[in-house]
Amino acid sequence: MFKHMEIQSLQDFFQAMDERKSAGVYFYRINGYSREVGEFIRAYYEAARKCGVIIEGKLQNPDEKNLSYYNEMMGMIFELSIEFISVSLKKWLPRMNDHQRENVALSLYDSLFLLQKEGKTEYMLKNAYIKCMCWLYYRFERIVNQLGENTVPKILYEGTISQYELMILSILSNAGCDAVLLQYSGDAGYLKLDPPSQRSRELKLPGLQPFPPDFSLKQIREEVQEAASRQRFYGQLPKRQNCTNAWITGDAFSDLKTPVAERGQDPGLFYNCFCRINGAEDKLTYPTQLYQFQLELKHSGRKLVIINGGLGRPSMEEIAAVKRNHYTRPDQLILDLSSNIRYPADVELQRMMVRAFVDVLLLEIDDAQSGQVNLNKLTNRAVYLLCWLQRYQGRLFADWKEPDVSCFILMGGCRDENEALFVSFLARLPVDVLLLCPRLEKACCLQDRLLYEVNYGESAEISVFPEENADVLVGTAAYHAERELDTLMYQDSGIYRDRQYERANTVILQTMYEEIGILWNEEVKYRPSFCTQEDAVHIPVIFAKVSGVKDGQIAQYWRSIRELVTEDTFVIRAAPYLDPTASNPMRTYAAGFYKNGRLLKDKIKAHPSYPYGYLREEIQDYILEKLKLVIDQKVIKGTFENGTEYLIIATVLNLPKEIVRLIQKFDFTKKNPKLLYIHTTEAVISLEDAILAAFLNRVGFDIVFFVPTGYQNVEKHFNRKIMEEHQIGEYLYDLRVPSLESTSFKARTKWRDLIFKRGK
């Protein structure tokens, strides 16, 4: 039998038999935990999984089927002798060689003999013998023919061991097997069975603590299974992996210019940089610094890609080129989509791409809240990544060879999670990735454990990377001082400079009828619920229908309407305003502007019949944004049912010139434009009129419909109630709309005018 030896270090367990000082084995019990012990247990688990037996929980007693088969094969005869046990083992476990069988027979005999000395009856000895024989066959048969071999088999046992379990483990250990007991509850239970610790040794190391509450072999097994499952995603791994930022000094611009050969010498690594710079060290010299930086990179011969203003969504053609299927599990998704990555010019680089693709998607899965992975969302993000890879890989990796490292610069940082995923992917390839966020109020959404971040206190107003001399805009000290004064005066102060904001959202006020006249001529910043958040204005607007005539007083009725007519008020005097039969040149093209649930804004702007190209770019974007909102919110009946979305597009792209001018003039923190719609007859308001009203409401117009008849009006074209109705008096019919442009009436004096003009 084999000698039980004492280890010098935990690594002794992994030595082959011929590497050990003598032919011996190790049988230890572990009662405490440390990082070193945790790493050893995982390594020992892997060794036992390959050549050994892992016991999670108790060894189950032989069941009726086990005993029936044993009786059929061996009979129920028992004799306490080495010869009987050896002959029985040869029949029961024929794969053992003579030496192994001799050791097991001798060790089993010794164990039974000790039980006999303790006073156990022959019946009890027979039961113990049969139990051990069944365990050897059903639980340890895979290692009995490896006992005592050069590759020493391992047994890993978890829990509080029983008398007969300790007996079978001792038998196998004596016959040439290493064994480890994990005792989460300590050594007390074991010492009741083996007070002098003759059968095993306790592992004693400095700094051992109680095992973590969640530690178990099941946890390790699941980790191993997950690692094995993930490994199949990669296929053949590349020879080199990324060493990101470990070599840098912290001076980002200098680090990116460091020649690749000077970054590190390990042939198994490529050395790249992944950095985000927020703000500018000196905003006066920042543009020139960027210009000189990219010149040096280009002169060094490195591939350089500079992106301004975001990556831009993949086109329909790019998306259609990605082969994909319907997925029910994340592993299906990763395996199938990774097959889209092809770089035949260099197979090693292709393997790097596949590994980076798998890595970032697995991180996405790991970060999913509550472990719930939205497969549709993950598919869309992965498809975007593949589209951008196809778009940029030629520019980044043309004629690539080891150890080339290209450079990718994204001006303005990542705008959304799709761009962040692609940037994280690039940072795991032989690419230096630099995110520049000079405007401190414009935050980049990327979060990545590999990212190195540099923060400066000054904000620089630059949105385009200066690649040519003509692109370098250098502000004077006075210019920047004025910008800083702007920030102090107009940020969170309640004071706003002209056209400070380019985006706005509207919220509809619920008011009394009498409040319409009070709020009508006020700047929106004085209205309830006005606020500015995230570079956008939240505008409280009026959207109401006034039915009837108060007290039947027609003259007073028209006077109250006339008081609402300002220089920024557009008045409609009869229905319908937009005739459904009138010519609209945009109807022909509208169907091509909306595909697969997306408004194709770039296609609209590029169309030769696009009517708003003369407007400021931000106004064009604002109009198209609100057009998209009206469609997406399905405000108008028939949207996505009978093609109404195309009528919405055609109507908004053919607005009257006077309304377009009001939108162009609109400053989101001051007085907003108005629409008065007077409907005095039974004439039907057109669907186009309803579209116009819904759109202008989203733009920020105050809108009031005056309907003295009380008839159903624009609301019949809406999917839900979105405007307030005020019943103010009796219904009157066939009223003639008088001139509303007269200035003979006396304007209402504002309370602020009374206060501020008092001292004049």
- Would you check, one step at a time, whether the test side-chain contact (heavy atoms from CB on, under 4.5 Å) holds for V423 with F274? CA-CA 9 Å; V423 167; F274 184 21; 3.7 Å; yes
- Task: Show the numbers, then the answer: is there a side-chain contact (heavy atoms from CB on, under 4.5 Å) between L256 and F293?
- Result: CA-CA 9 Å; L256 266 75; F293 168 69; 3.9 Å; yes
- side-chain contact (heavy atoms from CB on, under 4.5 Å) between F253 and E296, intermediate numbers included: CA-CA 11 Å; F253 289 118; E296 292 185 49; over 6 Å; no
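Ring geometry for Y392 versus F422: interplanar angle of 30 to 60°, hence tilted. Ring geometry for W388 against Y384 counts as perpendicular: the plane angle is over 60°, on a 0 to 90° scale with 30° as the lower cut. In this pair, Y44 and F40 present their aromatic rings tilted. The plane angle is within the 30 to 60° band. Taking the six-membered ring where tryptophan is involved, the planes of F13 and Y28 are perpendicular, since the angle between them exceeds 60° and thus also 30°.
A distance of 8.0 Å separates SG of C437 from CG of L410, quoted to the nearest 0.5 Å. With values rounded to the nearest 0.5 angstrom, R313 atom CZ is found 8.0 Å from D416 atom CG. Going from atom CG of L450 over to atom CG of D359 covers 9.5 Å, rounded to the nearest 0.5 Å. For the atom pair OG1 of T244 and CG of D432, the computed distance is 9.0 Å after rounding to the nearest 0.5 Å. Atom CG of L349 and atom CZ of F397 lie 5.5 Å apart (nearest 0.5 Å). With rounding to the nearest 0.5 Å, the separation of CD1 in I220 from CD in E46 is 10.5 Å.
Scanning both residues, G38 and Y33, for their nearest heavy atoms gives CA-CE1, 3.4 Å. Scanning all heavy atoms of the two residues, the minimum distance from M316 to N596 falls at CE-ND2, 2.8 Å. Scanning all heavy atoms of the two residues, the minimum distance from K670 to V524 falls at O-CG2, 3.1 Å.
Looking only at side-chain heavy atoms (C-beta outward), I307 and F408 come within less than 4.5 Å of each other. A 4.5 Å side-chain heavy-atom check between Y26 and V180 finds every atom pair outside the cut-off.
Salt-bridge annotation for E617 and K605: present, with a side-chain N of the basic residue lying under 4.0 Å from a carboxylate O of the acidic one. Under the 4.0 Å criterion applied to side-chain N and carboxylate O atoms, R428 and D448 are assigned as salt-bridge partners. E223 and R42 are joined by a salt bridge, as a carboxylate oxygen and a charged side-chain nitrogen come within less than 4.0 angstrom of each other.
Listed for the R276 side chain is a donor-acceptor partner under 3.5 Å among the backbone atoms of L446. Of the possible donor and acceptor atoms, none in the side chain of Y184 sits under 3.5 Å from a partner among the backbone N and O of L182.
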